[in-house]
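Everything numeric in this text was worked out from a predicted model, so none of it was measured.
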Amino acid sequence: MSAPAPSPLEIVADTPLPRQEEVLTEEALAFVARLHARFTPRRDELLARRAERRDEIARTSTLDFPAETAAIRADESWRVAPAPPALDDRRVEITGPTDRKMTINALNSGARVWLADFEDASAPTWENVVTGQLNLIDAYERRIDFTDESSGKSYALRDASELATVVVRPRGWHLAERHLRAADGREVPGALVDFGLYFFHNARRLLERGSGPYFYLPKTESYLEARLWNDIFVLAQDELSIPQGTIRATVLIETITAAYEMEEILYELRDHASGLNAGRWDYLFSIVKNFRDGGPKFVLPDRNAVTMTAPFMRAYTELLVRTCHKRGAHAIGGMAAFIPSRRDPEVNKVALEKVKADKDREAHDGFDGSWVAHPDLVPVCRESFDAVLGERPNQKERLREDVSVAPGDLIAIDSIEAKPTYDGLVNAVQVGLRYIEAWLRGSGAVAIFNLMEDAATAEISRSQIWQWINAGVEVARDGRTVPVTRELVRELAAGELTAIRAETGDKAYESGEWQRAHDLLLEVSLDADYADFLTLPAYERLRG
């Protein structure tokens, strides 16, 4: 009997994980290896193109709708493929990582869709990557349960008819998976690992259950990146003899460059496209990143002061709805990140009123659904969309032909009256430090100050600190005007460390990652060279 063929990918991990052999089979690894060999070179070229485009933005301080794709935008005839039944009604979507408890709670939440997140809400430890895949398989096979050791509470799945449809979000193109290495020594892109393992193990399983392999595509920056994903889908379906068009993808429009190419992105994915999503937090991060050295007119004020009613944000969301409905796709609204407090009814009352107003606005603007971060917000979001949709699954017939957006409208940052404040700087330091510390411990979805934060909000925090320092921003502090400097940020970060030690106690503080989080926050906020993603240096420091 001949020996089995060697694995096409080397697993680089000190200790095997429980049940990893159920996910990391020879066949699944061979499938991922073929995707890697075929598509990673193109991914590398597109990452280089991102850098070139950023250099062009730095030179011109402007963006425009691409001239080379004008014919696609002008052609009124094309539409994306009709939505499959499982994705026709998306009025409420809940987001969260794929740990065992969240898997059960999200599926049971009453939301129509669960964004099962391997990206910003999940720190990519090897354990999170592999067990997240296992949890999804176990959920489909109805062999998943969970008991909370601290409370003793048990969790189990409801009837299949009551569960949310799963839409998986793989990692962005910039992140590699250091635990899977090809024969040439190169690490496999995390996006191909997350997509490949999930599709290989679950495509047929989902079809048998009347659903399908559905995906959210994060941090897309151009229609050429959408074309890459489409080619991956075509090959993957052919490899497993799955009918073409089975895969459906919703693209997050969460970069400023993608906002100028929404129609082209849908066109490239038209046989696999399901919709676009207004990923508001990463969108703000992308604006700061791309226009960080564009002068005072591009300085973003405090994160919490940039509401969705700001003119440049209205232009973005209304253009998204118009684009989607013109092409027969779903338009999905942004995140309600509020976490209800069990101890403070007044905090809940004020926050829930804001959430309801936000969801009411989205529903009346023409969105077909929206995101929440907590099960308690599912009824709030549902009520807003029920009031507009009634029994209809969506409102794609609302074409929003009244919307007209000029190129400059999307980057009219100076149209907002709010300015940077000292309290906003303090909050950026606090949120950035607290989030990074949790991420370094392996937790990517973190409740901070009654908001569910993920990597996007930490990116905004450190990017705003960087921008305010380098743009010479001044803020009012104790009755006097002071510049935002590296020295001031160091002072605030040191003070926050002291406050956290007092808050948690010495033992808990010492067992955490606070000093390393502090050092990383200062590195990505204060270095003269701006890091494209804080998760890149953070990944080198990640436990597990």
Handout entry: Side chains of D368 and H325, donor plus acceptor under 3.5 Å
Key = yes

Practice task
Could you tell me whether the side chains of E208 and Y140 share a donor-acceptor contact shorter than 3.5 Å?
Solution key: no

Handout entry: Side-chain donor/acceptor of Q467 to backbone N/O of L300, under 3.5 Å
Key = yes

Exercise for the section: Flag the pair R543 and E437 as a salt bridge only when some basic side-chain nitrogen lies within less than 4.0 angstrom of an acidic carboxylate oxygen. Expected result: no

Practice task
Answer with yes or no whether the side chains of D88 and N394 bring together a donor and an acceptor at under 3.5 Å.
Solution key: yes

Problem - Exercise: do N135 and R100 side chains pair donor with acceptor under 3.5 Å - result: yes

Handout entry: Any side-chain donor near an acceptor of the partner, R205 and N202, under 3.5 Å
Key = yes

Exercise for the section: Classify the ring geometry between F215 and F195 as parallel (under 30°), tilted (30 to 60°) or perpendicular (over 60°). Expected result: tilted

Problem - CD/E187: more than 12 non-hydrogen atoms of other groups inside 6.0 Å - result: yes

Practice task
Give a yes or no on whether the ring-centroid distance for F233 and F199 is below 6.0 angstrom.
Solution key: no

Handout entry: Crowding at CZ, R79 (>12 non-hydrogen neighbours, <6.0 Å)
Key = yes

Handout entry: Side chains of D282 and S286, donor plus acceptor under 3.5 Å
Key = no

Problem - Check: N230/H272 side-chain N/O donor and acceptor closer than 3.5 Å - result: yes

Practice task
Tell me, with the steps shown, if E459 and Y435 meet side-chain hydrogen bond (donor to acceptor under 3.5 Å, both in side chains).
Solution key: CA-CA 10 Å; E459 291 281 24; Y435 180 83; over 6 Å; no

Handout entry: Distance-only donor-acceptor check, side chains R73 and T69, under 3.5 Å
Key = yes

Exercise for the section: Taking atom OH of Y267 as the centre, report whether more than 12 heavy atoms of other residues, nucleotides or ligands fall under 6.0 Å from it. Expected result: no

Handout entry: H36 side chain to E177 side chain, donor-acceptor N/O pair below 3.5 angstrom
Key = no

Problem - Heavy-atom check, side chain of Y216 versus side chain of D117, under 4.5 Å - result: no

Handout entry: Residues R91 and S370: side-chain donor-acceptor under 3.5 angstrom
Key = no

Problem - Distance-only polar pair, side chains of Y214 and T250, donor-acceptor under 3.5 Å - result: no

Practice task
Identify which one of R43, R42, K219, R50 satisfies the side chain to side chain donor-acceptor pair (under 3.5 Å) criterion when paired with E225.
Solution key: R50

Exercise for the section: Check whether any side-chain N or O of Y316 sits under 3.5 Å from a backbone N or O of I253 as a donor-acceptor pair, and report yes or no. Expected result: yes

